Amino acid sequence: MRWTEVIRIVVILVTLIATWYFAEFVFSKKWKMNNLLDIPQKKELDIKQIKRKCGNEKDCPQYYYAFKIISGAANVVGPSICFEDQILMSGVRNNIGPGINIALINANNGSLLKTANFNMYSGDVKPLIAFIEKLNDGTLLLIASYDDPATKLDTKAREILTSYGSRYAKTLGFRDSWVFVGGKGLKDKSPYEQYLKNEKEKNKYDGWPEVLEMEGCIPQKMS
């Protein structure tokens, strides 16, 4: 065998070895990089797959009910009330209106009792009083305002709502924003209440304060 042939064979072998090493190195790095890129994608997918009741930020512990209440936006977008991942009142369900929107819940088993809307600008306060006056102990009230919740409210209606744990029912005014969860038999003020006064200098909308959104976990036995 000539030296030239030996050299040619050696060159071919070296080339094959170098090609194999380069391919092994490149594909190994690419596989590792793809794995690294997949990690945040998988985490993001896991986060997206987490669905909590009513779309809340946190899960509720055992023996607690999840809820979310959103007040109306000015007199344009209506409120919504969600309880245990069920939309009880909303524009889609066509059971809301201007004024005070109320869902009554049996706290013992979480079942919906009634929903109603009461126009407190051009309506009558008497139907509202009849609706909330004689509730059974253990009844939850979930309330969302829309447009004007207060013009027709009288002293009696305000006192009843106050007896259910409201801090703001007595001072609720024209076009104020208000969301509230109270209960018949509640001994102290409810921790589930938000209120924004209609103030021209601070209003987000022309003539109305901004939307209120409240979510949380209600114990099955409020006291």
Side-chain angles (χ1 to χ4, degrees), residues 52-72 78-90 93 95-97 99-120 125-146 149-150 152-173 176-196 211-223:
R52 297 185 174 91
K53 291 180 179 179
C54 294
N56 290 356
E57 293 185 1
K58 297 180 180 179
D59 289 318
C60 291
Q62 190 177 14
Y63 306 120
Y64 280 74
Y65 297 124
F67 78 93
K68 178 181 286 185
I69 304 176
I70 303 174
S71 69
S80 68
I81 297 176
C82 177
F83 184 82
E84 279 294 280
D85 216 26
Q86 299 296 315
I87 302 297
L88 306 182
M89 302 188 74
S90 70
R93 293 187 64 86
N95 62 349
I96 59 169
I100 294 178
N101 297 271
I102 306 179
L104 300 181
I105 304 290
N106 183 334
N108 294 320
N109 55 25
S111 63
L112 175 65
L113 300 174
K114 295 178 183 178
T115 63
N117 157 256
F118 303 94
N119 190 321
M120 291 291 99
V125 73
K126 291 179 182 178
L128 169 63
I129 292 174
F131 188 77
I132 63 175
E133 186 175 20
K134 297 180 180 180
L135 301 181
N136 294 324
D137 284 350
T139 300
L140 297 174
L141 300 88
L142 281 68
I143 297 179
S145 68
Y146 181 26
K152 290 295 181 71
L153 278 183
D154 61 9
T155 301
K156 184 174 182 179
R158 294 174 186 273
E159 287 177 350
I160 294 171
L161 292 167
T162 299
S163 72
Y164 295 152
S166 173
R167 291 179 171 84
Y168 301 108
K170 287 185 176 181
T171 57
L172 193 65
D176 291 347
S177 287
W178 183 47
V179 290
F180 169 60
V181 177
K184 177 66 182 295
L186 196 63
K187 297 176 182 178
D188 299 314
K189 295 301 180 184
S190 171
Y192 313 106
E193 186 173 26
Q194 291 183 13
Y195 165 79
L196 270 180
V211 172
L212 291 175
E213 182 172 331
M214 179 174 66
E215 65 179 55
C217 304
I218 308 170
Q220 291 182 5
K221 294 184 179 180
M222 291 181 67
S223 59

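Bear in mind the structure is a predicted one, so any value in this text is a computation, not a measurement.
- With sequence neighbours excluded, the residues satisfying ring-ring contact (aromatic ring centres under 6.0 Å, His included) with Phe118 are Phe131.
- The salt bridge (Lys or Arg N to Asp or Glu O under 4.0 Å) test applied to Glu193 returns no partner, not counting sequence neighbours.
- In this structure, the side chain of Asn56 does not engage the main chain of Lys58 through any donor-acceptor pair within 3.5 Å.
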Where do Tyr164 and Leu186 land on the side-chain contact (heavy atoms from CB on, under 4.5 Å) test, with the steps shown first? CA-CA 6 Å; Tyr164 295 152; Leu186 196 63; over 6 Å; no
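- A distance of 13.5 Å separates OG of Ser145 from OH of Tyr168, quoted to the nearest 0.5 Å.
- Minimum interatomic distance between Glu57 and Glu215 (heavy atoms only, all atoms of both residues): N-OE2, 2.8 Å.
- Note: Asp85 CG to Cys54 SG = 5.5 Å, rounded to the nearest 0.5 Å.
- Here the rule is side-chain contact (heavy atoms from CB on, under 4.5 Å) with Trp178, and of Ile69, Leu172, Leu196 only Leu172 fits it.
- Partner of Ile105 under the side-chain contact (heavy atoms from CB on, under 4.5 Å) criterion, out of Leu112, Ile218, Ile81: Leu112 alone.
- The two atoms that bring Leu88 and Thr115 nearest to each other are O-CG2, 4.1 Å, heavy atoms only.
- Within a 6.0 Å sphere centred on NZ of Lys189, other residues, nucleotides and ligands contribute more than 12 heavy atoms.
- Annotation: side chain of Ile102 is in contact with side chain of Leu128 (closest heavy-atom distance under 4.5 Å).
- Judged purely by atom type and a 3.5 angstrom limit, Ser177 has no side-chain atom pairing as donor or acceptor with the backbone of Leu212.
- Evaluation of the salt bridge (Lys or Arg N to Asp or Glu O under 4.0 Å) test over residues 154-166, restricted to residues two or more places apart or in two chains, returns Glu133-Lys156.
- Residues Lys184 and Asn136 have side chains not in contact (no heavy-atom distance under 4.5 Å, counting atoms from C-beta outward).
- For the residue pair Leu153 and Met120, the shortest heavy atom distance occurs at CD2-SD, 3.9 Å.
- For Lys152, there are no salt bridge (Lys or Arg N to Asp or Glu O under 4.0 Å) partners at least two apart in sequence or on another chain.
- Ser190 and Arg167 get closest at one heavy-atom pair: O-NH1, 2.6 Å.
- The salt bridge (charged side-chain N to carboxylate O under 4.0 Å, His left out) test with Glu84 is passed by exactly one of Lys53, Arg52, Lys68: Lys53.
- When side chains are defined from C-beta on, Ile100 does not count as touching Asn117, because their heavy atoms never get closer than 4.5 Å.
- Shown here are the side chain to side chain contact (heavy atoms under 4.5 Å, CB included) partners of Pro79, two or more places apart in sequence or in another chain: Ile96, Asn101, Ala144, Tyr146.
- A search for side chain to side chain contact (heavy atoms under 4.5 Å, CB included) contacts involving Ser80 returns Ile70, Ser90, not counting sequence neighbours.
- Between Gly216 and Cys60, the shortest heavy-atom contact is O-SG, 3.8 Å.
- Taking the six-membered ring wherever Trp is involved, the centroid distance between the rings of Tyr192 and Phe67 falls below 6.0 Å.
- Rounding to the nearest 0.5 Å gives a distance of 8.5 Å between CG of Leu135 and NZ of Lys114.
- Between Asn106 and Thr139, every side-chain heavy-atom pair lies at or beyond the 4.5 Å cut-off.
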Should Leu113 and Leu140 be marked as a side-chain contact (heavy atoms from CB on, under 4.5 Å) after you check the CA-CA gap, both sets of side-chain angles, and the distance that decides it? CA-CA 10 Å; Leu113 300 174; Leu140 297 174; over 6 Å; no
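- At least one side-chain heavy atom of Met214 sits less than 4.5 Å from a side-chain heavy atom of Val181.
- Nearest heavy-atom pair across Val125 and Ala157 is CG2-CB, 3.9 Å.
- A donor-acceptor contact shorter than 3.5 Å links the side chain of Tyr65 to the backbone of Ala107.
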